[in-house]
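Heads up, the thing below is written out as structure tokens.
Both counts, for ligands and for their atoms, begin at 1 and track the order of listing.
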Amino acid sequence: MPLLKDLGLTTRIHAQRAVIWALARTGDLYSQVLAGQHLADPYPVYERIRQAGPLYRSRLGFHLITSHALCNQVVRDPRFGMRTSKGTSLGFEKSQYEAGGPLLNSFSETDPPDHTRLRQVVAPAFRPKKVREYRVGVEKLAHELLDKVAGRDEFDLIADFAAPLPIAVIADLLGLSGEDVDTERFASFGALFGQLLDGVRSSEQADQIKAATRELSELFERLMRERRDSDGTDLISVLSRAQAHGTVTVPELISACQVLLLAGFETAVNLIGNGVLALFQHPNQRAIVRDDLALMPRVVEEALRFDPPVQSNMRISHDDLELAGVRFKPDTPVLMLLGAANRDPEVYASPHRFDVTRTGEPEHLAFSGGMHYCIGASLARMEGEVALRVLLERMPDLRPAGPAQRRRSAAMRGLWRFPVRP
Ligand code: HEM
């Protein structure tokens, strides 16, 4: 929305929301999604978008892709990237909140060579061998969380289990401890940044984001200083040493830590919540799993395909190019609807069926693909598998105790509250 860029912040946010609402009313399908009209179940509207052909042009000014093959192609295509020719990153009016610090300006939003250099520094902490070492700790944590709620009539699956588990895991991996780990505060930051993926909704939200960014920047800056001479194996110590060797700069490190912290739990909490919800909604599948808990890795893969926590990602064209018969000028954004790609009938048999016995089908795109393929995928898979297995082992009769409350975000799909009975 280039015409809006010269207006003041509050005016601009209100104008953007008004544009989204107006376009939603006049039938622009993705504006309807952003306006929250399909929060409970976005998949039927994705099918309508799919019917428009390989590229759906939203009147918001970008194309959307629903095809698994085309999404997979774009995320691997070097002619698309994260930055515009002016070096700015994508997103809706990012300057609105970046004033609070360098958050989300991290390696997840850079192109080579910076992306390659920064990813190499953090990658060792997420290798499958490392993730196998974390498993015992994650199991212990899952049991401890359930011990706390075991005697209760009901508890909140998200606040009492699905959120604190990945928060504790990523905090441990980074080397945060004691009073630096404020689970509730981190959870609220996670929800805040999750909503941000849809764009800023109000000046109040922009202020909250600035304050959260500042708080996290200060936290990581202090820890970096404290760990510079440490020989610890936690990620903050490793990154501080890399900075001392000149491989990365301090702002790069701080934003990498912030993104790892937030990406590390805001997504995994939703994998656990969405997975449990899918099992509740499909009693026949739940019965299959109850008889064979060794199926849990497949449950996790199917939950990721069926209802992925990250519903979309964006790329920007770096060249004059053609995609699916449409010409793209440089700096043109394209949005991949991963949630739709995961239900592409060209790739998955009966794509709208939750089926934990699927085999032989291509990998879903819940973790995207190409050079930005989720760095935490192995960790997330392990957390999801352990969490769901321990939960169902300990509470085989677990059931809903009331309606679940959804997060108000189109890009980050998950539950905010979910009362359950053991
Ligand atoms: C179920 C859980 C998760 C899901 C669904 C998920 C999803 C994704 C997706 C879709 C992307 C790629 C975005 C793009 O292509 O533009 C991504 C990237 C990323 N994820 Fe995850 N993620 C999960 C868990 C995690 C965890 C546990 C961590 C860290 C501890 C993590 C850290 C990251 C980082 C740092 C990137 C950026 C990688 C890069 O740009 O090279 N994620 N994730």
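Less than 4.0 angstrom separates some heavy atom of Leu260 from each of these atoms of ligand 1: 35 (C). Atoms of ligand 1 lying under 4.0 Å from at least one heavy atom of Leu271, given by number and element, are 1 (C). With ligand atoms numbered from 1 in the order given, ligand 1 contributes 1 (C), 2 (C), 24 (C) to contacts under 4.0 Å with heavy atoms of Ala380. The contact set between ligand 1 and Met82, taken as ligand atoms under 4.0 Å from a residue heavy atom, comprises 16 (O). With ligand atoms numbered from 1 in the order given, ligand 1 contributes 39 (C), 40 (O), 41 (O) to contacts under 4.0 Å with heavy atoms of His115. Each of the following atoms of ligand 1 lies closer than 4.0 Å to a heavy atom of Ile170: 30 (C). Ligand-side atoms of ligand 1 in range of Val310: 7 (C), 10 (C), range being under 4.0 angstrom from any heavy atom.
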Chi angles and distances behind the side-chain contact (heavy atoms from CB on, under 4.5 Å) call for Leu29, Val33: CA-CA 7 Å; Leu29 297 177; Val33 173; 5.9 Å; no
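The aromatic rings of His364 and Phe367 sit tilted, their planes meeting at an angle between 30° and 60°. Under the 30°/60° scheme for interplanar angles, the aromatic rings of His372 and His115 are found to be tilted. Taking the six-membered ring where the residue is Trp, Phe80 and Phe328 present perpendicular rings, their angle passing 60° and hence far from 30°.
Under the 4.0 Å criterion applied to side-chain N and carboxylate O atoms, Arg185 and Glu215 are assigned as salt-bridge partners. Ion pairing between a basic and an acidic side chain is recognised when a charged N comes within 4.0 Å of a carboxylate O; Lys329 and Asp320 show no such pairing. The residues Glu154 and Arg417 are annotated as not salt-bridged, no charged nitrogen and carboxylate oxygen being separated by less than 4.0 angstrom. Between Glu322 and Arg79, no side-chain nitrogen of the basic residue sits less than 4.0 Å from a carboxylate oxygen of the acidic one, so the salt-bridge criterion is not met. Residues Glu218 and Arg222 are not paired through a salt bridge, judged by the lack of any N-O separation under 4.0 Å between the basic side chain and the carboxylate. Salt bridge status for Glu301 with Arg298: absent, with no side-chain N to carboxylate O gap under 4.0 Å.
Between Asp234 and Leu174, every side-chain heavy-atom pair lies at or beyond the 4.5 Å cut-off. Residues Asn72 and His68 have side chains in contact (heavy-atom distance under 4.5 Å, counting atoms from C-beta outward).
Considering backbone and side-chain atoms together, Glu383 places no N or O closer than 3.5 Å to any N or O of ligand 1. Of the N or O atoms in Arg119, one or more lie within a sub-3.5 Å distance of an N or O in ligand 1.
From the protein, the heavy atom lying nearest to atom 37 (C) of ligand 1 is Ser108 CB, 3.5 Å. Among protein heavy atoms, the minimum distance from atom 14 (C) of ligand 1 is reached at Asn313 ND2, 3.3 Å. The nearest heavy-atom contact from the protein to atom 40 (O) of ligand 1 is His372 ND1, 2.6 Å. Protein heavy atom closest to atom 24 (C) of ligand 1, with residue, atom name and distance, is Thr267 OG1, 3.1 Å. Scanning the protein for heavy atoms near atom 19 (C) of ligand 1, the closest one is Cys374 CA, 3.7 Å. Summary of contacts: the protein heavy atom closest to atom 10 (C) of ligand 1 is Ala366 O, 3.3 Å. Among protein heavy atoms, atom 27 (C) of ligand 1 sits closest to Gly264 O, 3.5 Å. Distance from atom 16 (O) of ligand 1 to its nearest protein heavy atom, with residue and atom name: Arg315 NH1, 2.8 Å.
Of all the heavy atoms of Phe367, the ones lying under 4.0 Å from any atom of ligand 1 are found in both the backbone and the side chain. When non-hydrogen atoms are compared, ligand 1 lies under 4.0 Å from the backbone of Met371 (N, CA, C, O) but not from its side chain. When non-hydrogen atoms are compared, ligand 1 lies under 4.0 Å from neither the backbone nor the side chain of Met314. Here Leu365 has no heavy atoms under 4.0 Å from ligand 1, in either its backbone or its side chain.
Using a non-hydrogen distance threshold of 4.0 Å, Met336 does not register as a contact of ligand 1. Residue Ile375 places a heavy atom under 4.0 Å from ligand 1.
Scanning both residues, His352 and Arg343, for their nearest heavy atoms gives ND1-NH1, 3.0 Å.
Taking each of Phe265, Tyr373, Phe126 in turn, the one with a heavy atom nearest to atom 30 (C) of ligand 1 proves to be Phe126. Nearest-heavy-atom check against atom 15 (O) of ligand 1 across Ala125, Ala303, Pro308, Ser368 picks out Ser368.
A donor-acceptor contact shorter than 3.5 Å links the side chain of Glu302 to the backbone of Asp355.
Geometrically, Arg57 does not engage Phe62 in a cation-pi contact defined by less than 6.0 Å to the ring centre and at most 45° from the axis.
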